[in-house]
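Just below is one structure, and these are the notes that go with it.
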Amino acid sequence: MGLAKRIIPCLDVDNGRVVKGVNFVDIRDAGDPVEIAMRYNEQGADEVCFLDITASSDGRETTVHTVEQIAEHVFIPLTVGGGIRSVEDIRTMLNAGADKVSINTAAIHNPELVRESALRFGSQCIVVAIDAKRVDDVDGLPRWEIFTHGGRKPTGIDAVAWAVRMAELGAGEILLTSMDRDGTRNGFELGVTRAITDAVEIPVIASGGVGTLDHLVDGVTVGGADAVLAASIFHFGEFTVPQAKAYMAERGIEVRL
Amino acid sequence: MSGMVAVIDYGMGNLHSVASALQHVGADEVVVTHDAELIRKADRVVFPGVGAIRDCMAEIRRLKCDELLVQALTEQHVPVLAICVGLQALMSHSEENGGVDCLGIIPGEVRFFGNPLEDGQGQRLKVPHMGWNEVRQHRDHPLWAGIPDMTRFYFVHSYYVHAENRSLLAGSVEYGVSADAALARDNLFAVQFHPEKSADAGLTLLKNFLEWNGQC
């Protein structure tokens, strides 16, 4: 026995409200991120991920306030991502109570941000989010490229090479989302998950596409992920975190029960 | 009655989680501070830490938090809880940042987990050691009250502690090596994991700390 594989519910938050809604049976307010995070905490989630999709700069104040409230009530690690552009943004979120901050597009525009922030705050709180899409080579070999703008804009950057570089710059963890699978419920893109987990020494969170509990299992056993992230299967009450953990444990995966 | 709990703030990272968790389990008053007067009046002291050891040690010394800590341990005789880099800072020396001298309050080393790191079956292990791992309790201690042996706590670290005096070992964790997860000496309890992020198990430990009289 040893380190458990982590299960991480993810909340997409816009102006302080969880979007897509969350369908717990006995919840008072299906859009309140604090209440929902507390519920996942009670269910035994290993961490909570808060993805801020607020577009306006006014909304950022709301985000900081929401993060503060979650941190006051939830005593498991909290990762905050979305719209993080500078060392100052990272400091703001850490001071609000985030344990880790996830950097996505800003790392592509300015990789030095990863080095600077890891040196300043420690690698343990710097997560680099990678949105990858499959773009096979001319000879048909699988290759994955980083896309921005919700998967619409190619960058020409190889996802595996990028993960290695980010780890070298000081990232403490990779949050890998397959843009081909995100929202499809067809399961993780296991090829890129395996390629990146094999290529880096730091932990990798698999994300994008979970529709069944078997997908969570595959992310760990086939993809080699250290943690699995999902939103909709938990939000809509299809499965609870304990059900997911029990299912994974039955299949020989070490989880925190 | 927990009395006043001082969380020593030497400017490295966010200490609100520790403070909120202590409040959540019923602390009468929590102050996050490096003010010598306040710390001298504290009934309990928490010595946390995140980030790189070199910067932490520099700030600890600059703000004279090392003197305040020694005073809390040996003059005030109040219960002291060290967390994560707070534990590492207590040791003699760390391999991090090319080698850094620490406080030497507990003789011992802070070592890199190694790269590559493998478990007993030859499986590769990721560094940092990040997530929930089982803590083996090596002795009874008031801070373990109500926490079963092999309970999982949340860890995040790339360097681990090895105390010279093995009789101080209160808990260990297996991750390629056997790392010291908790050390106990008199009124000091020091943990590598984050009780403030370890859900119910961590909150129980913090509650035990608030009720502890500093004897063991």
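Chain A is the first sequence line, chain B the second, and so forth, proteins listed ahead of strands; every chain is numbered from 1. Just so you know, these numbers use all the heavy atoms, side chains as well, and skip hydrogens, waters and symmetry mates.
- Taking all atoms of both residues into account, the shortest heavy-atom contact from Ala71(A) to Ser20(B) is O-OG, 4.1 Å.
- When heavy atoms are compared at a cutoff of 4.5 Å, Arg6(A) approaches chain B solely by way of its side chain, counted from C-beta outward.
- Heavy-atom neighbours of His215(A) NE2 from other residues, nucleotides or ligands within 6.0 Å: above the threshold of 12.
- Residue contact with chain B, scored on non-hydrogen atoms closer than 4.5 Å, involves the backbone and the side chain of Thr197(A) alike.
- Side-chain contact between Pro203(A) and Pro128(B) is present, with heavy atoms from C-beta onward closer than 4.5 Å.
- Heavy atoms only, all atoms of each residue included: Gln124(A) and Val50(B) are closest at NE2-CB, 4.1 Å.
- The CG atom of Asp99(A) sits 8.0 Å away from atom NE2 of His194(B), with the distance rounded to the nearest 0.5 Å.
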Test side-chain contact (heavy atoms from CB on, under 4.5 Å) on Val204(A) and Lys126(B); report intermediate values, then the result.
CA-CA 9 Å; Val204(A) 176; Lys126(B) 299 295 183 84; 4.1 Å; yes
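- A salt bridge links Arg152(B) with Glu254(A): the distance from a Lys NZ or Arg NE/NH1/NH2 to an Asp or Glu carboxylate oxygen falls below 4.0 Å.
- Summarising the local packing, CG of Asp200(B) is surrounded by 12 or fewer heavy atoms from other residues, nucleotides or ligands at distances under 6.0 Å.
- The shortest non-hydrogen separation linking Asp55(B) to Leu119(A) is OD2-O, 4.0 Å.
- Annotation: Arg136(B), atom CZ; neighbour count of heavy atoms from other residues, nucleotides and ligands within 6.0 Å does not exceed 12.
- The environment of Arg61(B) atom CZ is dense: over 12 non-hydrogen atoms of other residues, nucleotides or ligands sit within 6.0 angstrom.
- Residues Lys197(B) and Ile76(A) are not in side-chain contact: their nearest non-hydrogen atoms beyond the backbone lie 4.5 Å or more apart.
- The two residues Asp46(A) and Trp132(B) come nearest to each other via the heavy atoms O-NE1, 3.0 Å.
- By the 4.5 Å heavy-atom criterion applied to side chains, Phe75(A) and Ser17(B) are not counted as neighbours.
- No other option in Asn41(A), Asp226(A), Leu78(A) has as many heavy-atom pairs under 4.5 Å with chain B as Asp226(A).
- Around atom CG of Asn97(B), more than 12 heavy atoms belonging to other residues, nucleotides or ligands sit under 6.0 Å away.
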side-chain contact (heavy atoms from CB on, under 4.5 Å) between Glu201(A) and Val127(B), worked out
CA-CA 6 Å; Glu201(A) 293 297 330; Val127(B) 178; 5.5 Å; no
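- Among all heavy-atom pairs drawn from Leu3(A) and Met130(B), the shortest one is CD2-O, 3.5 Å.
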